[in-house]
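In what follows, every chain begins at residue 1, and chains take the letters A, B, ... in the order their sequences are listed.
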Protein chains: 2
Amino acid sequence: MSAPVPTSNGASHPVEHAPEALDEGIAGYTSVEALLEDNLPQDKLEAEAVEYGGFDVQSYAFTARREQLREPRVVRLGLIQHGIQVSTSKPYAVQREAIFTRVEELVRMAGQAGVNVLCLQEAWPMPFAFCTREREWCEFAEDAVTGPSTALLSSLAVQYRMVIISPILERDSAHADVIWNTAVVIGHNGNVIGKHRKNHIPRIPPFDESHYYMEGDTGHPVFQTVYGRVAVNICYGRHHPLNWLAFGLNGAEVVFNPSATIGALSEPMWGVEARNAAIANSYFVAAINRVGTELYPHAFTTGVQGQGPRQDMGPFYGSSYVAAPDASRTPGLSRDREGLLVVDADLNLCQQARGGLGVRDRWGFQMTARYPLYAQLLGDFIKPGYKPQVVVDPTLDSSASRKAADCEKGR
Amino acid sequence: MSAPVPTSNGASHPVEHAPEALDEGIAGYTSVEALLEDNLPQDKLEAEAVEYGGFDVQSYAFTARREQLREPRVVRLGLIQHGIQVSTSKPYAVQREAIFTRVEELVRMAGQAGVNVLCLQEAWPMPFAFCTREREWCEFAEDAVTGPSTALLSSLAVQYRMVIISPILERDSAHADVIWNTAVVIGHNGNVIGKHRKNHIPRIPPFDESHYYMEGDTGHPVFQTVYGRVAVNICYGRHHPLNWLAFGLNGAEVVFNPSATIGALSEPMWGVEARNAAIANSYFVAAINRVGTELYPHAFTTGVQGQGPRQDMGPFYGSSYVAAPDASRTPGLSRDREGLLVVDADLNLCQQARGGLGVRDRWGFQMTARYPLYAQLLGDFIKPGYKPQVVVDPTLDSSASRKAADCEKGR
């Protein structure tokens, strides 16, 4: 661990921003698709990336406008994506120890890179075995405060003065041993600041997580750390705009989205949802996904009609990235390799986007959001007698009407 | 108008879907950025595009899984983007007549292409002159039912049996002549089914629309037309996830987003927001933006410190496109040319995405959305005494704490 990491010298490349002179047009391009057909400018995509110890390290920086009355608040974020390390057929203790060893390497690399707030992927100390629906995997569940993963990360948090967000499978021994999908927030002094439980649980095979834990009961907490106000939107919660909104209403400046998700289901959404959340809520979003294919000892069915039993869900596609409130984003890490993403973010950009400074930075979405209108609407919607606001074309006299219209059009 | 349009023979190209075999990985690509660095496959981007009468026509089709108990409900959507036609110094009547003439050409092309539901851009019969803050432009406001634009489009709607959504500047003579930013929904029989007023008004120079009209008072209506349930989210409302949500709760299958927006402010968001709304709410979104630079007779300031008075806002960047609930989308029209986008959409895909059929089509976001939780949260949030859910690191004893942490890290 003596080799210098690329971010430790303070050098970092700017993130991919929209061209400065957009309002003058982009010379030579007539459509967005024409842009995509050509190579993107190499200098915008070139990360400060090195391969170190078998994983990739990339670094970027988001800047904010310099304010007159407030100092910049640059926080260095770290995102780690990794795979399981040994066969899922090995004893659980061997599997966990192998992951702990690997993740400790990655966390130490982040510490040496000067990361302030680090987040690991969803259920990082274990294979994402819920697809099997086998109960034995619950052995990986542990206490949020006294469990082995918190012990490991607490010591590293103190050593590197890092805040570490640790998403685990939690067993709540104080409440009848119930299992939760939980993120533990560990402060820079190694103390557990608090925890958040996954709010929205997928009920989609092959994930099948709803067999293991219920919808979280911890609300939408924002954790005031020494480096800023952070929150955690675990995995499937990224599909729910209300979940993102709630963390914003509570004052989050960075929302981490530790995930475990596969291509066929979610990859077309991956580049859209975190970015939209950052824009709509004026905060940074750090989206993390594991990598690799996890092969299980016993075949399981996937709920896809006609698809026979199989031993894996397909590869988790990595691609961890950070999105900013001004609609810019970093490139993602690899689809199939482990990696550490280091991103400097000036948190002043959040407030600027909420109605502050700069051409790009004064959207004022919160001011114009009309929350009372929607509080009323949702309050009405959840009542059994809710009547959707539908205006029916009065000329529609029967279900035959469309057929008649089509007929007249010669269909 | 005798030339056959490309869509009239039923031929259309599939939209850009994620590769079928995503869960097997994409051979040779290790990151999403690596994909972008290469040209996208030509066969995925190749639209059926022709130039006709000085504007582009492109067509695409979204398909849905064939159901056993329900017939496909394929609706042909049309999106028109255009510019103003003559100098803004000309008499208003001349300006409007020139736009009417041009738009009639485009609407007739849509009608001949078999479009069922057509939408025009925001405030289509006029230059988007609110940046000037001059009151004279209010002359373009007209009655939603009896005004000249409704008269023109009603006759075309009957002729082509098309539903036409017409976003205009409305003057409500029944209520003290107040001005609104309004979309009029005209049925296939030429009748006005109803109207919707823009819910969220930008308070960002140089748009300055809040000087002209207030936040809409028409709620979130969904219009049951002969071809399906449609709604209209006008322009700046696309930045507000709650606004999108509300149209979904009321049952919309297609939400049109007629807009007028410029590059420096919104282009980085354009490809994200409509797409996210389609995903999150399980409906189609049709996003429309005007093209061209509108030069005004009298210079105005833009609110950007140090930027002198100018006579334009920069170009509107077009790029109209349609996004689907399964996260796919069409390419966009040109950034700088007028055009007609024709898109076949099987509306069955909406319900499939809400919890129905197929590997990609069973997200169940509505089932897992926990609306009562958020009704409660928003109800609390809008009260003056709202206390954000913040968990403070108990080891933070003073504002000097972060400095000390940074100091120990050798910053």
Side-chain angles (χ1 to χ4, degrees), chain A residues 18 22-23 30-33 37 39 161 187-189 191 193-194 200 219 221-226 239 241-242 249-251 263-264 268-269 272 275-276 279-280 304 314 319 327 331-332 334-335 359 365 368 371-372 374-375 378-379 381-382 388-393 395 401-402 405 408-409, chain B residues 18 22-23 30-33 37 39 161 187-189 191 193-194 200 219 221-226 239 241-242 249-251 263-264 267-269 272 275-276 279-280 304 314 319 327 331-332 334-335 365 368 371-372 374-375 378-379 381-382 388-393 395 401-402 405 408-409:
Chain A
L22 259 183
D23 66 348
T30 58
S31 75
V32 175
E33 286 63 43
E37 283 170 20
N39 290 346
R161 309 302 278 163
H188 67 297
N189 289 317
N191 56 307
I193 300 176
H200 299 267
V222 169
F223 301 94
Q224 175 69 60
T225 76
V226 70
H239 304 304
L242 286 165
L249 296 182
N250 284 330
M269 307 175 176
V272 174
R275 226 178 140 193
N276 190 77
I279 294 167
V304 178
S319 307
S334 162
R335 291 183 78 246
V359 174
F365 293 153
T368 58
Y371 298 120
Y374 297 102
L378 276 175
F381 179 79
I382 61 174
Q389 185 184 356
V390 176
V391 181
V392 180
D393 182 344
T395 71
S401 185
R402 176 174 173 177
E408 288 184 46
K409 297 187 81 148
Chain B
L22 258 184
D23 66 348
T30 58
S31 74
V32 175
E33 286 64 41
E37 282 169 23
N39 290 346
R161 309 302 279 163
H188 67 298
N189 289 316
N191 56 307
I193 301 176
H200 299 267
V222 168
F223 300 94
Q224 175 70 60
T225 75
V226 70
H239 305 305
L242 287 166
L249 297 183
N250 285 330
E267 193 161 3
M269 306 174 176
V272 174
R275 223 176 143 195
N276 190 77
I279 295 167
V304 178
S319 306
S334 162
R335 292 183 76 248
F365 294 152
T368 60
Y371 299 119
Y374 296 101
L378 275 176
F381 179 79
I382 60 175
Q389 185 184 357
V390 177
V391 182
V392 181
D393 182 346
T395 72
S401 184
R402 174 172 177 181
E408 286 183 49
K409 298 188 81 149

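Residues G187(B) and D393(A) approach most closely at CA-OD2, 4.0 Å, considering heavy atoms. Closest heavy-atom contact between M269(B) and A327(A): CG-CB, 3.6 Å. Between T368(B) and H200(A), the shortest heavy-atom distance links the atoms O-ND1, 2.7 Å. Contact between N250(B) and P388(A) at its shortest, heavy atoms only, is OD1-CA, 3.4 Å. Closest heavy-atom contact between N189(B) and T395(A): ND2-OG1, 2.9 Å.
Only the side chain of N191(A) comes within contact range of chain B, judged by heavy atoms closer than 4.5 Å. Proximity to chain B (any heavy atom under 4.5 Å) is restricted, for I382(A), to the side chain, taken from C-beta onward. With a 4.5 Å cut-off on non-hydrogen atoms, T225(A) touches chain B through its backbone but not through its side chain. Heavy atoms closer than 4.5 Å to chain B are found in both the backbone and the side chain of L242(A). For I279(B), the part lying under 4.5 angstrom from a heavy atom of chain A is the side chain only. For a residue to count as touching a neighbouring chain, one of its non-hydrogen atoms must lie under 4.5 Å from one of that chain's; by this rule F381(A) touches chain B with the side chain only.
Put simply, of P221(B), A375(B), G219(B), P241(B), the one with the most heavy-atom pairs under 4.5 Å next to chain A is P221(B). Residue with the most contacts toward chain B among L378(A), V390(A), N276(A), V392(A): N276(A) (heavy-atom pairs, distance under 4.5 Å).
Put simply, the side chain of R335(B) never gets that close to the backbone of S319(B): no donor and acceptor are under 3.5 Å apart.
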